[in-house]
**Student:** 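The structure is given below, and queries will be raised subsequently.
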Amino acid sequence: MRLLVIGGAGYVGSHGVRVLEGAGHEVWVYDNLSRGHRSAARADRLIVGSLHDQPLLESVLRDRQIDAVLHYAAFALVGESVGNPAMYYHNNVIGSYHLLEAMRASGVQNLIFSSTTAIFGEPEKTPIAEHFPKQPINPYGFTKLVMERMLDDYAQAYGMSFVALRYFNAAGAHPSGEIGEDHTPESHLIPIVLQVALGQREKITIYGNDYPTLDGTCIRDYIHVDDLADAHLLALDHFAPGKGLKLNLGTGRGHSVKEVIDCCRAVTGHPIQAEVGERRPGDPSALVADPTLAKKTLGWQPRYNTLLPIVETAWNWHQKHPHGYGD
Ligand code: UDP
């Protein structure tokens, strides 16, 4: 297929591109490079453009005769969204509207959408199945829920077809160490902990140890980016006009912040100083996926089933690129 990957120079998107290209698809990356990195994409396949530039999107979709779009281009930081919701509604919701309108105008009907566990808010129990109530507790989660709803409505009214993949916590890096996670500023747990091991930070602050979990720290389901990429590849076989699929992508296993830090200590051999700080606004206590439906529907099977090899691939990337992409 001819694919347009919006946000394909970003962390999750760039790993997706590798898997899609590896499967023989013709892949074009469209990215404004605000969070993505030029060197994470192939120069001959990169189109630098904004989600808000609907005419450019339309011409790319038409000229490249795109069969399906993969939309990875959203801001995705809980804390940032609490402090600056306008930025989130503008990029995530309004940007997606421009993309959907460009697709409608150019007759491209198929979309794979990066959704998130954050749409569930603070679930009453885990693991989280697809039908659980959607009650986001931060603007980021709410923008993604609005986007899912937009897709439902566009499918119903205009015959569009979509697969929304709800990531739990994307982690790890391509085993080659050529691409990986590089955010500025970094706010994600595993890269921050590894920056301590690299000597780039003095310590990690644990955001709260009074959550209702076994050790009091938040629990998340860390899923390898290449496993997310595999799910996108499989999802390309599941487009049906006027229909949408929504699937939860995680391993089904949760790890506390303390467990993640211990795992990073084991992988790096570094003592990694940690201190307990305040809770971070917008953080739910425990988010663990029930991946049964995704496995059944897509025939998907995560390759990385424990935290250790996920952290090992992240450490491999960070050691090879201590300053990320350097741009
Ligand atoms: N976290 C932490 N210290 C940090 C960064 C993150 O304790 O410096 C915690 C955060 O509160 C959450 C978990 O680590 O419980 C994962 O956070 P991350 O930002 O990586 O992903 P999120 O769950 O927000 O998508």
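Along the sequence shown, residues carry numbers from 1. Because the structure is a prediction, the values reported are computed rather than measured. Start at 1 and go down the list; that is how both ligands and their atoms are numbered.
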**Student:** Under 4.0 Å from any heavy atom of I206, which atoms of ligand 1 are there?
**Tutor:**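 By the 4.0 Å cutoff, the relevant atoms are 7 (O).
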**Student:** Identify, for atom 9 (C) of ligand 1, the protein heavy atom at the shortest distance, and state residue, atom and that distance.
**Tutor:**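 Nearest neighbour among protein heavy atoms for atom 9 (C) of ligand 1, to 0.1 Å: V257 CG2, 3.8 Å.
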**Student:** Can you sort out which atoms of ligand 1 are near C218, meaning under 4.0 Å from one of its heavy atoms?
**Tutor:** 15 (O)
**Student:** Atoms of ligand 1 less than 4.0 Å from S187 heavy atoms?
**Tutor:** 5 (C), 19 (O)
**Student:** Among protein heavy atoms, which lies nearest atom 3 (N) of ligand 1, and at what distance?
**Tutor:** T205 O, 2.8 Å
**Student:** Just need the protein heavy atom nearest to atom 11 (O) of ligand 1, so name the residue and atom and give the distance.
**Tutor:** D283 OD2, 2.5 Å
**Student:** In terms of side-chain heavy atoms, does S115 have a donor or acceptor partner in E148 at a distance below 3.5 Å?
**Tutor:** yes
**Student:** Is there a donor-acceptor contact under 3.5 Å linking the side chains of E26 and W28?
**Tutor:** yes
**Student:** Among all protein heavy atoms, pick out the one at the shortest distance from atom 4 (C) of ligand 1; state its residue, atom name and that distance to 0.1 Å.
**Tutor:** Y207 CE1, 3.3 Å
**Student:** Ignoring hydrogens and angles, tell me if any N or O in the side chain of R64 forms a donor-acceptor pair with the backbone of L4 under 3.5 Å.
**Tutor:**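 Looks like no, no N/O pair under 3.5 Å.
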**Student:** Does the residue Y222 have a heavy-atom contact with ligand 1, meaning some pair of atoms that are separated by less than 4.0 Å?
**Tutor:** yes
**Student:** Ignoring hydrogens and geometry, is there a side-chain-to-backbone donor-acceptor pair from E259 to S256 under 3.5 Å?
**Tutor:** yes
**Student:** Can you see whether Y211 has R279 sitting over its ring - NZ or CZ less than 6.0 Å from the centre and within 45° of the normal?
**Tutor:**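 Relative to the ring axis of Y211, which defines the angle, R279 lies inside both limits.
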**Student:** Ring centroid separation for H15 and H224, is it under 6.0 angstrom?
**Tutor:** no
**Student:** Under 4.0 Å, heavy-atom basis, I'd like to know which part of H188 is in contact with ligand 1: side chain, backbone, both or neither.
**Tutor:**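 For H188, the contact with ligand 1 is made by both the backbone and the side chain.
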**Student:** Give the residue and atom name of whichever protein heavy atom lies nearest to atom 20 (O) of ligand 1, and the separation in Å to one decimal.
**Tutor:**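 Residue, atom and distance for the closest contact: L189 N, 2.8 Å.
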**Student:** Using a 4.0 Å cutoff against the non-hydrogen atoms of I192, which atoms of ligand 1 qualify?
**Tutor:** 8 (O)
**Student:** Quick check: F75 with Y88 (ring centres under 6.0 Å apart)?
**Tutor:**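 Under 6.0 Å, so yes.
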**Student:** Please indicate whether any nitrogen or oxygen in N169 is less than 3.5 Å from any nitrogen or oxygen in ligand 1.
**Tutor:** yes
**Student:** Please determine, by modelled atom types, if H174 and T313 share a side-chain donor-acceptor pair under 3.5 angstrom.
**Tutor:**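 No, T313 and H174 have no side-chain donor paired with an acceptor closer than 3.5 Å.
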**Student:** Using heavy-atom distances only, which candidate in E181, Q195, R280 approaches atom 17 (O) of ligand 1 most closely?
**Tutor:** R280
**Student:** Do the two ring centres, one from H232 and one from Y167, sit under 6.0 Å apart?
**Tutor:**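 Ring centres of Y167 and H232 closer than 6.0 Å.
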**Student:** Geometry only, no angles: is I204 polar-contacting ligand 1 at N/O separations under 3.5 Å?
**Tutor:**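 Between I204 and ligand 1 (N or O atoms, distance only) the closest approach is not under 3.5 Å.
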